[in-house]
Amino acid sequence: MDEMDGRNKSVVSEFVLLGLAHSHSNQVLLFTIFLMLYLLIVSGNIVVMVLISRDHHLHSPMYFLLASLSFFDMWLSSITTPKMLTDLLRENRTISFAGCMFQVFFTHCIAAGEAVLLVAMAYDRYVAICKPLHYFTMMNLRRCTGLVLTSWTIGFIHAMSHLVEIMGLPFCGPKEIDSFFCDTPLIIKLACVDIHDLDILMNVECGAVGVPCFILLLISYTNILVTVCQSSKAGANKALSTCSAHIIVVMVFFVPCIFIYVWPLKFTWLNKLLAVFYSIFTPLLNPAIYTMRNKEMKNAMKRFINNYLNSKRNF
């Protein structure tokens with residue numbers, strides 16, 4: 001009994017992250033690439049938030065939600081990327097138990113919150129295109145604030161459920177995680193108990209957030225596409241351009257999450273690639289797509305630069 005009681009206690013104080021590469025040359029190459037991408041992610045999303053907050057032309061529901069998305073994206077990447085970059089430059093790729101739980105909680109909190117926020121953005125576009133006369137009644141500041149708070153609340157509850165379940169597991173044996181960050185499916189495999197039922201429960205919990213959001217997004221964009229096809233050609237082209245950009249973001253974010261958490265694949269290298277997609281490429285794509293393809297954002301950037309140059313001249 002004493003031996004069994006001892007095994008039931010968590011004796012693992014840290015985990016080892018195996019990372020993305022093993023050879024030194026590949027590590028240096030990946031470090032250079034991901035460092036540049038991370039700097040672009042942070043700077044790009046900060047620029048979006050600054051432009052929207054400072055330019056009164058962008059003080060509308062759509063841009064309020066877009067600024068919230070940039071905030072989500074910046075933190076989604078910042079939870080895992082800095083640790084991954086430092087690990088690429090050293091041999092000892094350990095992470096403390098507390099640090100691992102930190103990554104688990106905030107990764108799921110931000111990812112689930114962003115999934116809900118993308119639904120809110122799709123609803124905003126649905127109202128703007130399908131019910132334009134009621135747009136400012138249905139999408140006022142109070143409604144938008146409520147949608148953002150709802151996304152944070154759902155993300156927090158989802159992340160807490162994962163954290164509580166993992167914290168209750170005994171870890172007394174292997175401690176190697178074959179990834180570049182602590183992820184729920186990989187951590188529970190290291191527990192010293194049968195995790196079959198817990199694994200299914202985790203998939204169901206992720207599916208309860210991801211699948212309804214994905215279905216709502218499909219419904220919203222289907223209604224939008226049906227509506228724009230019946231409208232004028234000019235309006236249809238503009239709406240299709242906007243929706244196509246949104247759909248790209250949705251697919252890049254949701255498809256990897258579904259195959260990692262809801263319908264997991266058995267290929268470790270593919271799971272790593274999908275994790276890189278939703279934690280790095282999605283936060284990178286959002287500011288690029290929403291800024292470079294958006295006329296109002298381009299004009300706001302020009303006004304911001306001109307105001308800055310004029311203030312420098314006056315100074």
Side-chain angles (χ1 to χ4, degrees), residues 16-54 66-95 99-100 102-103 106-107 109-111 113-114 117-118 177-183 244-257 259-260 268-294 297-298 300-302 304-305 308:
V16 178
L17 299 172
L18 298 184
L20 295 174
H22 300 288
S23 68
H24 179 71
S25 58
N26 288 338
Q27 290 174 1
V28 172
L29 176 61
L30 290 176
F31 173 83
T32 305
I33 294 173
F34 287 130
L35 177 61
M36 294 175 62
L37 292 178
Y38 180 64
L39 293 176
L40 287 173
I41 289 168
V42 173
S43 59
N45 283 292
I46 288 177
V47 165
V48 171
M49 289 186 288
V50 169
L51 287 177
I52 292 174
S53 63
R54 291 177 62 91
L66 178 56
S68 301
L69 179 65
S70 291
F71 186 79
F72 271 104
D73 280 333
M74 186 175 66
W75 286 109
L76 179 62
S77 181
S78 297
I79 294 166
T80 59
T81 307
K83 172 64 176 171
M84 177 188 67
L85 291 172
T86 57
D87 285 346
L88 287 170
L89 297 179
R90 62 181 185 178
E91 295 182 4
N92 185 22
R93 302 173 183 173
T94 60
I95 183 171
C100 198
F102 173 90
Q103 285 192 340
F106 283 101
T107 297
C109 180
I110 299 297
E114 181 163 333
L117 185 64
L118 287 171
I177 299 175
D178 194 4
S179 184
F180 60 94
F181 73 104
C182 290
D183 205 3
S244 63
H246 288 212
I247 291 171
I248 291 172
V249 171
V250 167
M251 296 304 292
V252 173
F253 178 80
F254 273 93
V255 171
C257 288
F259 283 114
I260 292 174
T268 302
W269 64 270
L270 185 55
N271 285 331
K272 289 183 183 181
L273 180 63
L274 293 174
V276 168
F277 256 90
Y278 89 82
S279 62
I280 295 179
F281 285 104
T282 299
L284 180 66
L285 279 176
N286 285 349
I289 287 177
Y290 288 111
T291 303
M292 300 305 294
R293 294 172 59 93
N294 188 296
M297 289 294 292
K298 290 180 183 178
M301 176 69 76
K302 292 177 182 177
F304 181 82
I305 294 174
Y308 176 77

note = Closest non-hydrogen contact found for Arg90 with Asn92 is NE-O, 3.1 Å
Glu114 versus Leu76, closest heavy-atom pair with distance = OE1-CD2, 3.9 Å
Contact between [X] and [Y] at the side-chain level, heavy atoms closer than 4.5 Å - yes or no?
X      : Y      : answer
Leu17  : Met84  : no
Phe253 : Leu285 : no
Ile95  : Phe181 : no
Ile177 : Leu18  : no
Tyr278 : Ile260 : yes
Leu89  : Gln27  : no
Ser23  : Asn26  : yes
Ile52  : Met297 : yes

Less than 3.5 Å apart, which donor and acceptor atoms pair up between the side chains of residues 30-37 and the rest of the protein, not counting sequence neighbours?
unit_1 : atom_1 : unit_2 : atom_2 : d
Thr32  : OG1    : Val28  : O      : 3.0

Taking atom [atom1] of [X] and atom [atom2] of [Y], what is their separation to the nearest 0.5 Å?
X      : Y      : atom1 : atom2 : result
Leu39  : Leu284 : CG    : CG    : 11.0 Å
Phe259 : Leu273 : CZ    : CG    : 12.5 Å
Phe277 : Met251 : CZ    : CE    : 12.0 Å
Ser279 : Asp73  : OG    : CG    : 11.0 Å
His24  : Glu91  : NE2   : CD    : 10.0 Å

Please enumerate all residues that pass side-chain hydrogen bond (donor to acceptor under 3.5 Å, both in side chains) together with [X], with sequence neighbours excluded.
X     : value
Ser25 : none
Ser70 : Asn45
Thr81 : Ser77
Ser78 : Tyr38

key: Check: Val16 main-chain N/O paired with Arg93 side-chain donor or acceptor under 3.5 Å   = no
task = Report the residues that fulfil disulfide bond (SG atoms under 2.5 Å apart) with Cys182, sequence neighbours left out, ordered by chain and then residue number.
result = Cys100
inquiry  = Tell me whether the rings of Trp75 and Phe71 are parallel (<30°), tilted (30 to 60°) or perpendicular (>60°).
reply    = perpendicular
ask   = In this structure, which one of Ile110, Leu40, Ile41 forms a side-chain contact (heavy atoms from CB on, under 4.5 Å) with Pro283?
value = Ile41
Identify, with sequence neighbours excluded, every residue that meets ring-ring contact (aromatic ring centres under 6.0 Å, His included) alongside [X].
X      : answer
Phe72  : Trp152
Phe106 : Phe102
Phe304 : none

Enumerate the salt bridge (charged side-chain N to carboxylate O under 4.0 Å, His left out) contacts for [range], please, sequence neighbours excluded, ordered by first and then second residue.
range            : answer
residues 268-281 : Asp178-Lys272
residues 74-83   : Lys83-Asp87
residues 18-34   : none

query = Should Leu274 and Val255 be marked as a side-chain contact (heavy atoms from CB on, under 4.5 Å) after you check the CA-CA gap, both sets of side-chain angles, and the distance that decides it?
reply = CA-CA 8 Å; Leu274 293 174; Val255 171; 5.5 Å; no
